[in-house]
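Have a look at the structure below, then the notes.
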2 protein chains.
Amino acid sequence: MATSDATAVIGITIRDVAREAGVSTATVSRALRGLPNVDPVTREHVKRVADRLDYVISPAASRLASGRAGSIAVITPFLARWYFSKVLHGVERILQRSDLDLLLYSTGDPSEVHRVPPHRRLRRRVDAVLVIGLPVDSPDLQELFELDLPVTLIGAHSAGVSSVSIDDVEGGRMATQHLVNLGHERIGLISGRPLPTPFFPENDRLSGYQQALSASGLVVDQQLQVPGFFTIEGGEHAMTAQLAQPKPPTAVFAMSDEMAFGALRALRRHGLQPGRDVSIVGFDGHEMADLLDLTTVCQPAEDLGALAARCLLDLLDDPSIEPQAKRLPTQLYVRGSTAIRGAAHPVSLPRHGNDAKP
Amino acid sequence: MATSDATAVIGITIRDVAREAGVSTATVSRALRGLPNVDPVTREHVKRVADRLDYVISPAASRLASGRAGSIAVITPFLARWYFSKVLHGVERILQRSDLDLLLYSTGDPSEVHRVPPHRRLRRRVDAVLVIGLPVDSPDLQELFELDLPVTLIGAHSAGVSSVSIDDVEGGRMATQHLVNLGHERIGLISGRPLPTPFFPENDRLSGYQQALSASGLVVDQQLQVPGFFTIEGGEHAMTAQLAQPKPPTAVFAMSDEMAFGALRALRRHGLQPGRDVSIVGFDGHEMADLLDLTTVCQPAEDLGALAARCLLDLLDDPSIEPQAKRLPTQLYVRGSTAIRGAAHPVSLPRHGNDAKP
DNA sequence: GGAGGGGATGACAGCGCTTACAAAGGGGCT
DNA sequence: AGCCCCTTTGTAAGCGCTGTCATCCCCTCC
């Protein structure tokens with residue numbers, strides 16, 4: 001291969017800059033990368049020449065020579081769901097300022113059949129990995145750890161791995177306690193998957209739920225815990241199942257806003273009014289929660305992503321940093337979907353949620 | 001630098017595979033990449049050896065030698081908004097099967113101050129570019145074209161550039177015609193930005209809106225066109241502004257579901273009921289539209305992304321393919337937020353005097 | 001004034017692939 | 001039998017950087 005003429009249309013190389021600036025390629029490399037031990041005058045000169053020639057470094061060459069991949073992978077099961085897109089946004093914002101490329105890998109639902117296992121693709125391709133909300137016991141993740149790359153987990157945590165998440169136990173407790181405080185005693189739960197996954201948000205939220213109930217001397221009833229799979233439809237089905245019980249709950253904590261939205265729809269379909277007939281608390285702080293007047297536990301998803309990205313960048317700078325699990329606070333936003341138990345009337349059957357004016 | 005011992009911990013190289021398989025590195029390269037003119041037996045053998053050694057090609061080396069960047073950039077202004085995250089998901093799904101890396105670049109709102117202009121970062125770094133929903137007149141995009149890379153636009157179109165989008169004129173017409181058919185005569189519009197952008201969805205939707213009105217002999221009233229900036233809040237403000245008019249519209253077409261959601265909230269805040277008092281049509285097919293009983297023009301966002309990715313892959317395969325503008329169909333979903341004008345009661349005044357439920 | 005030190009620069013050998021080109025072998029065909 | 005062509009394989013020259021090492025030069029200090 002090879003065009004021996006370096007000035008060809010293909011592109012300006014470091015050699016062209018070196019020649020033009022009257023220095024060696026090594027000096028150009030050092031000057032442009034901000035390395036120490038370069039005369040400020042030389043550096044300025046080189047920079048100016050590079051600019052004038054419109055020189056752009058060849059990432060491939062640089063990577064090959066330096067052994068660094070120059071990019072980091074972001075692995076997420078979903079792209080179009082609230083939490084994941086928010087986190088990704090935060091990550092991107094930070095990474096954009098670094099000179100690392102952001103390689104996006106979506107795995108799809110962990111339960112699905114995989115297309116290409118990420119670790120296979122990641123080898124020699126990235127310097128570090130950011131994982132959004134994948135269960136730690138996922139085989140993919142295990143193989144990822146074996147790649148021996150710096151990893152930061154978002155929304156999950158694991159011993160010996162740096163992570164950024166919220167305090168899900170506290171979040172679950174907060175949501176449930178709110179319902180308890182309103183006088184509710186039969187408090188249902190719309191959880192994620194049927195089988196709990198260790199070290200994963202849903203377990204912690206479940207713990208918080210259980211703790212809040214127990215602390216108030218309430219019974220933790222397995223019948224009142226229905227999986228909603230973190231989707232709107234799932235939430236709707238779960239709520240419908242709750243309502244179908246012989247003794248339905250008077251309040252429900254849904255582990256995500258999207259499931260809570262589904263629950264709201266189920267209520268509407270049953271002619272029930274959120275807050276008055278059944279109280280609902282969500283989890284996330286979805287923009288739509290305000291719209292639907294849903295009480296919810298807000299989590300700073302975008303900040304989680306940004307913080308995780310910063311951690312990873314730091315880790316890349318100084319690999320000796322001990323991994324640590326950082327937490328960001330959550331906050332309860334109380335809205336109309338929760339109310340004192342039996343505040344207005346016992347269950348009645350209005351058609352649609354809209355009340356008359358005073 | 002340089003460990004001369006290739007079998008070092010650093011990694012297995014093509015040379016190791018070649019030695020182990022008893023062939024030359026060239027043959028290994030050819031065999032592994034599926035190039036023609038390799039004896040099937042040799043190929044199988046090489047593959048087996050490579051597998052056994054757990055060999056992974058070094059992208060950097062491959063890219064440097066071949067001159068291909070091995071990755072494509074996806075540029076999007078937003079990550080966490082419905083349309084963009086859906087499209088991105090579609091793109092990712094297709095690209096995952098290719099051996100190209102997906103580099104994610106979010107520009108933020110085009111009106112914002114930029115961090116790093118994308119084209120600066122893209123040079124020598126990607127083989128092709130996928131642009132989601134950026135106005136064609138954006139300076140960024142212009143400089144992008146000058147990079148002379150294969151480009152595919154999603155949700156916009158431009159002469160000489162391949163693109164994938166919906167028929168926004170038809171979509172706007174469909175939404176508006178629906179309202180006309182229901183007997184509405186004062187039909188408001190919640191648009192995107194105040195100033196129209198050439199070749200951009202909002203202009204086409206606007207055209208569709210105008211066409212539908214004109215075709216039915218209705219007046220196109222500038223006063224009834226309010227920008228909503230494609231956000232919930234923007235939609236709410238816009239709707240509020242519509243209601244504050246001396247002669248408010250009886251129906252409104254919002255150019256996105258998120259703005260329509262905001263409009264719904266504005267209605268609620270004014271004690272008005274969607275469908276009965278004011279009809280609202282959205283645009284997108286957001287999951288939440290079903291929940292909120294919003295009539296909307298559905299667009300297949302994920303399919304748009306997938307199709308665009310396929311186009312770009314094809315273009316990369318065969319650069320001689322003529323750029324073409326592909327379109328995907330939209331579909332009107334009629335729900336409760338639109339109804340025959342004055343079906344229940346004649347139009348009541350927005351501010352006060354709202355009657356109770358039947 | 002000479003030795004020693006340190007900052008600035010240059011020379012150059014790779015990094016691990018790809019690919020033109022050359023070479024070798026194996027038929028089919030005349 | 002000899003020729004030609006095609007398939008398969010090997011050889012080796014880069015791709016455009018980085019990093020080590022050597023060199024040079026200017027200062028400082030004794």
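Heavy-atom basis, side chains included; hydrogens, waters and symmetry copies ignored. We name chains A, B, ... by the order of the sequence lines, and we start the count at 1 in each one.
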Checklist line | Global bending angle along the helix from C:dG1-D:dC30 to C:dT30-D:dA1, which compares the axes of five pairs at either end, to 10 degrees | finding: 40°
Notebook entry, point to check: To the nearest Å, how far apart are B:Arg68 CZ and C:dT18 P?
Noted result: 9 Å
Next item on the list: Starting at atom NE2 of A:His45, determine the distance to atom P of C:dA8, rounded to an integer number of angstrom.
Entry: 17 Å
Item checked: B:Leu316 and B:Pro150, any side-chain heavy atoms less than 4.5 Å apart -> yes
Next item on the list: For residues 303-321 of chain A, pull every pair meeting side-chain hydrogen bond (donor to acceptor under 3.5 Å, both in side chains), keeping only residues two or more places apart or in separate chains.
Entry: A:Asp318-A:Ser320
Checklist line | Nearest-Å distance for atom pair CD1/C1', residues A:Ile14 and C:dG10 | finding: 13 Å
Next item on the list: Drop me the distance from A:Leu134's CG to A:Ile154's CD1, to the nearest 0.5 angstrom.
Entry: 10.5 Å
Checklist line | Sugar-phosphate, base or nothing in reach of B:Arg30, heavy atoms under 4.0 Å | finding: base
Notebook entry, point to check: side-chain contact (heavy atoms from CB on, under 4.5 Å) with B:Leu313: which residues, sequence neighbours excluded?
Noted result: B:Ile94, B:Leu95, B:Ser98, B:Leu100
Check: Would you say D:dG10 has OP1 or OP2 under 4.0 Å from some side-chain N or O of B:Ser24?
Finding: yes
Notebook entry, point to check: Any side-chain N or O of A:Arg33 under 4.0 Å from OP1/OP2 of D:dT18?
Noted result: yes
Only distances under 3.5 Å count here; give the side-chain donor-acceptor pairs of residues 49-59 of chain A to other protein atoms, sequence neighbours excluded, each with its distance to 0.1 Å.
{"residue": "A:Asp54", "atom": "OD2", "partner": "B:Arg123", "partner atom": "NH1", "Å": "3.0"}
{"residue": "A:Ser58", "atom": "OG", "partner": "A:Ala61", "partner atom": "N", "Å": "3.2"}

Item checked: Nearest-Å distance for atom pair CZ/C1', residues B:Arg19 and D:dT9 -> 19 Å
Notebook entry, point to check: In whole angstrom, what separates B:Ile12's CD1 from C:dC15's C1'?
Noted result: 16 Å
Notebook entry, point to check: What parts of residues 35-44 of chain A reach DNA chain D, counting only heavy atoms under 4.0 Å away?
Noted result: none
Next item on the list: Check the side chains of A:Thr76 and A:Ser106 for a donor-acceptor pair under 3.5 angstrom, ignoring hydrogens and angles.
Entry: no
Notebook entry, point to check: Roughly, in whole Å, what's the span from CZ in A:Arg63 to P in D:dG19?
Noted result: 14 Å
Item checked: Rounded distance (Å) that lies between atom P of D:dG19 and atom CG of A:Leu32 -> 14 Å
Check: Can you find a pair of side-chain heavy atoms, one from A:Arg30 and one from A:Arg43, that are under 4.5 Å apart?
Finding: no
Notebook entry, point to check: Does A:Thr27 put a side-chain nitrogen or oxygen below 4.0 Å from OP1 or OP2 of C:dT9?
Noted result: no
Checklist line | Spacing of A:Leu64 atom CG relative to C:dT18 atom C1', expressed in whole Å | finding: 12 Å
Notebook entry, point to check: Out of D:dG19, D:dG16, C:dC17, which has the shortest distance to the side chain of B:Ser62?
Noted result: C:dC17
Notebook entry, point to check: Nearest to the side chain of B:Thr13 - C:dG16, C:dT18, C:dC15?
Noted result: C:dG16
Note to self: Counting C-beta onward and ignoring hydrogens, is there a side-chain heavy-atom pair between B:Glu44 and B:Pro40 closer than 4.5 Å?
What the structure shows: no
Checklist line | Nucleotide nearest A:Ser29 (side chain, heavy atoms from C-beta), chosen from C:dT18, D:dT18, C:dT19 | finding: D:dT18
Notebook entry, point to check: So which of residues 46-61 of chain B are in contact with DNA chain D, with a heavy-atom cut-off of under 4.0 Å?
Noted result: none
Next item on the list: Check whether any side-chain N or O of B:Arg124 sits under 4.0 Å from OP1 or OP2 of D:dC17, and answer yes or no.
Entry: yes
Note to self: I want to check something: taking the side chain as every heavy atom from C-beta on, are B:Leu104 and A:Val74 in contact at a cut-off of under 4.5 Å?
What the structure shows: no
Margin query: Before you tell me yes or no, could you show the steps for B:Arg121 and A:Asp101 under side chain to side chain contact (heavy atoms under 4.5 Å, CB included), namely the whole-Å CA-CA distance, both residues' side-chain angles and the distance that decides it to 0.1 Å?
Written below: CA-CA 9 Å; B:Arg121 307 204 47 165; A:Asp101 284 338; 3.9 Å; yes
Checklist line | Quiz item: cation-pi between B:Arg81 and B:Tyr83, 6.0 Å / 45° | finding: no
Notebook entry, point to check: Is there side-chain contact between B:Ser71 and B:Asp127, with heavy atoms separated by less than 4.5 Å?
Noted result: no
